[in-house]
Amino acid sequence: MNVYEKCPILENDYFLLRYVQDKDAEELLKVYSDIKSIPIFNSDNCNGDIFYYTTLERMKKQIRFWDDEYNKEYYVRWSIIDKKTSSVIGTIELFNRKANDFFNNCGLLRLDLRSDYEKNEQIEKILEIIIDNAFNLFNCNLIATKAISIATERIKALTKCGFNYSEEKLIGHDGTIYNDYYIKNK
C-alpha cells in the first residue's frame, strides 16, 4: 500500500488516526496554541517554525501546508481523535527520512498533543496504533522520535513501547545538529 495514494485510517479502542482535514482546524488550534505543549513539539529541521498558532486563520493555513506537503509525498500528517470525546487532540507526522546521517531511511515520527493528553498511558495507546504500521507504510527498519528531558511522561511511554535513547545526532538539512531522539528497531 502506498500511503501517499491512499492514507489509511488507523485505530484502536481509544484513538482514531485519520488524515488531517480542514474541519480539524478549530480543535487543532487548541493543540497548537497550548503554551504547555509547544516546548515538547519536535520542530527540528522545520525552518524556525515552533508550531505556535493563535488564530484560526493561521491554523487553517498550516493544514493547507500539510496537505500540500502530503501531495508532494514529503510526509503524512494524521489527526488524532479521542474516540471517547470525538475531539481532535493532536497530530502525528511520519515520513521516511533520507539523509547522510544515522537517521537515513528512518521513519521519523512527530507527535504533537494537547498538554492534557501528554500522559504516559495516553501516549502509549496512541503509539500502539502507529508503530507497527509505520514500519510497513514507510518501508523502514527504524523509527525515531524526539523527546526532550522535560517530557517525562512521553519518555516513559516511549520506553514502555520499546524505544531507547540514541546517542546519535540528527543532522538537519542546513547542518544543524539535533539530539534527544529515541529509536525503535523493527
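- In this structure, the side chain to side chain donor-acceptor pair (under 3.5 Å) partners of Asp49, at least two apart in sequence or on a different chain, are Tyr53.
- With rounding to the nearest 0.5 angstrom, the CG atom of Leu158 is 13.0 Å from the NZ atom of Lys146.
- Both Val76 and Ile9 belong to a common hydrophobic cluster when Ile, Leu, Val, Met, Phe, Trp and Tyr are linked at side-chain heavy-atom distances under 4.5 angstrom.
- For the pair Thr55 (side chain) and Arg58 (backbone), a donor-acceptor distance under 3.5 Å is present.
- Under the 4.5 Å side-chain contact rule for hydrophobic residues, Val31 and Ile35 share a cluster.
- The number of heavy-atom neighbours closer than 6.0 Å to NZ of Lys60, taken from other residues, nucleotides and ligands shown, is 12 or below.
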>> Apply salt bridge (charged side-chain N to carboxylate O under 4.0 Å, His left out) to residues Asp116 and Lys30 and explain how you reach the verdict.
In response: CA-CA 11 Å; Asp116 54 325; Lys30 294 174 187 172; over 6 Å; no

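- Residue-environment remark: CZ (Phe102) exceeds the threshold of 12 foreign heavy atoms within 6.0 Å.
- In Glu26, the CD atom is not crowded: 12 or fewer heavy atoms of neighbouring residues, nucleotides or ligands sit closer than 6.0 Å.
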>> Between Leu108 and Tyr75, is the side-chain contact (heavy atoms from CB on, under 4.5 Å) condition met? List the steps.
In response: CA-CA 9 Å; Leu108 193 68; Tyr75 55 79; over 6 Å; no

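- Between the Asp82 side chain and the Phe15 main chain, no donor and acceptor come within less than 3.5 Å of each other.
- Under the 4.5 Å side-chain contact rule for hydrophobic residues, Tyr178 and Tyr165 share a cluster.
- Atom CG of Leu17 sits about 5.5 Å away from atom CG of Leu10, to the nearest 0.5 Å.
- The closest side-chain heavy-atom distance from Leu111 to Ile40 is not below 4.5 Å.
- How far CG of Asp174 is from CG of Asn47: 8.0 Å, rounded to the nearest 0.5 Å.
- Here the side chains of Ile63 and Lys23 are not in contact, with every heavy-atom distance at 4.5 Å or above.
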> Are Leu28 and Ser79 close enough, and set up right, to give a side-chain contact (heavy atoms from CB on, under 4.5 Å), and what steps lead you there?
Replying inline: CA-CA 8 Å; Leu28 283 177; Ser79 287; 4.2 Å; yes

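- You'll find the side chain of Leu113 stays beyond 4.5 Å of the side chain of Ser37, heavy atoms only.
- Under the 4.5 Å side-chain heavy-atom criterion for Ile, Leu, Val, Met, Phe, Trp and Tyr, Phe65 and Met59 are members of the same hydrophobic cluster.
- Of the possible polar contacts, none joining the Thr176 side chain to the Gly172 backbone as a donor-acceptor pair under 3.5 Å is found.
- In terms of heavy atoms, Trp78 sits closest to Cys7 at NE1-SG, 3.4 Å.
- The two residues Ala144 and Cys106 come nearest to each other via the heavy atoms CB-SG, 3.5 Å.
- In this structure, the separation between CG on Asn164 and OG1 on Thr159 is 7.0 Å, given to the nearest 0.5 Å.
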Name every donor-acceptor pair, under 3.5 Å, that has one atom in a side chain of residues 179-186 and the other anywhere in the protein, sequence neighbours excluded.
unit_1 : atom_1 : unit_2 : atom_2 : d
Tyr181 : OH     : Asn42  : ND2    : 3.2
Tyr181 : OH     : Asp44  : OD2    : 2.8
Lys184 : NZ     : Cys161 : O      : 2.9

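- Looking at Asp24 and Gln21, their side chains come closer than 4.5 Å, going by heavy atoms from C-beta outward.
- Judged purely by atom type and a 3.5 angstrom limit, Asn104 has no side-chain atom pairing as donor or acceptor with the backbone of Asn100.
- Residues Ile171 and Asp101 come closest through the heavy atom pair N-OD2, 2.7 Å.
- Checked by atom type, the side-chain pair Tyr74/Asp68 shows no donor-acceptor distance below 3.5 Å.
- Counting only heavy atoms from C-beta outward, the side chains of Leu137 and Pro8 approach each other to under 4.5 Å.
- For Lys83 against Leu16, the heavy-atom pair with the smallest separation is CG-N, 4.2 Å.
- Surrounding CD of Glu57 are at most 12 heavy atoms belonging to other residues, nucleotides or ligands under 6.0 Å away.
- Between Arg97 and Phe103 the shortest heavy-atom distance is NH1-CB, 3.5 Å.
- Counting heavy atoms from C-beta outward, Asp67 and Val20 have side chains that stay 4.5 Å or more apart.
- Every ring pair (Phe, Tyr, Trp, His ring centres under 6.0 Å) that Tyr19 has, sequence neighbours left out, goes to Tyr70.
- Across every non-hydrogen atom of Phe135 and Leu142, the tightest pair is CE2-N, 3.8 Å.
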Without placing hydrogens or testing angles, list every side-chain donor-acceptor pair under 3.5 Å for residues 84-96, not counting sequence neighbours.
unit_1 : atom_1 : unit_2 : atom_2 : d
Thr85  : OG1    : Ser87  : N      : 3.4
Thr85  : OG1    : Ser87  : OG     : 2.6
Thr91  : OG1    : Tyr32  : OH     : 2.6
Thr91  : OG1    : Arg77  : NH1    : 2.8
Glu93  : OE1    : Arg77  : NH2    : 2.6
Glu93  : OE2    : Arg110 : NH1    : 2.7
Asn96  : OD1    : Lys98  : NZ     : 3.2
Asn96  : ND2    : Asn105 : OD1    : 2.9
Asn96  : ND2    : Phe138 : O      : 2.7
Asn96  : ND2    : Asn139 : O      : 3.3

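- Listed by chain and residue number, Asp34, Ser115 satisfy the side chain to side chain contact (heavy atoms under 4.5 Å, CB included) test with Lys36 (two or more places apart in sequence, or in another chain).
- No donor-acceptor pair under 3.5 Å is formed between the side chain of Asn136 and the backbone N or O of Asn133.
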List, one per line, each side-chain donor-acceptor pair under 3.5 Å for residues 119-129, sequence neighbours excluded.
unit_1 : atom_1 : unit_2 : atom_2 : d
Asn120 : OD1    : Ala157 : N      : 3.4
Glu128 : OE2    : Asn12  : ND2    : 3.0

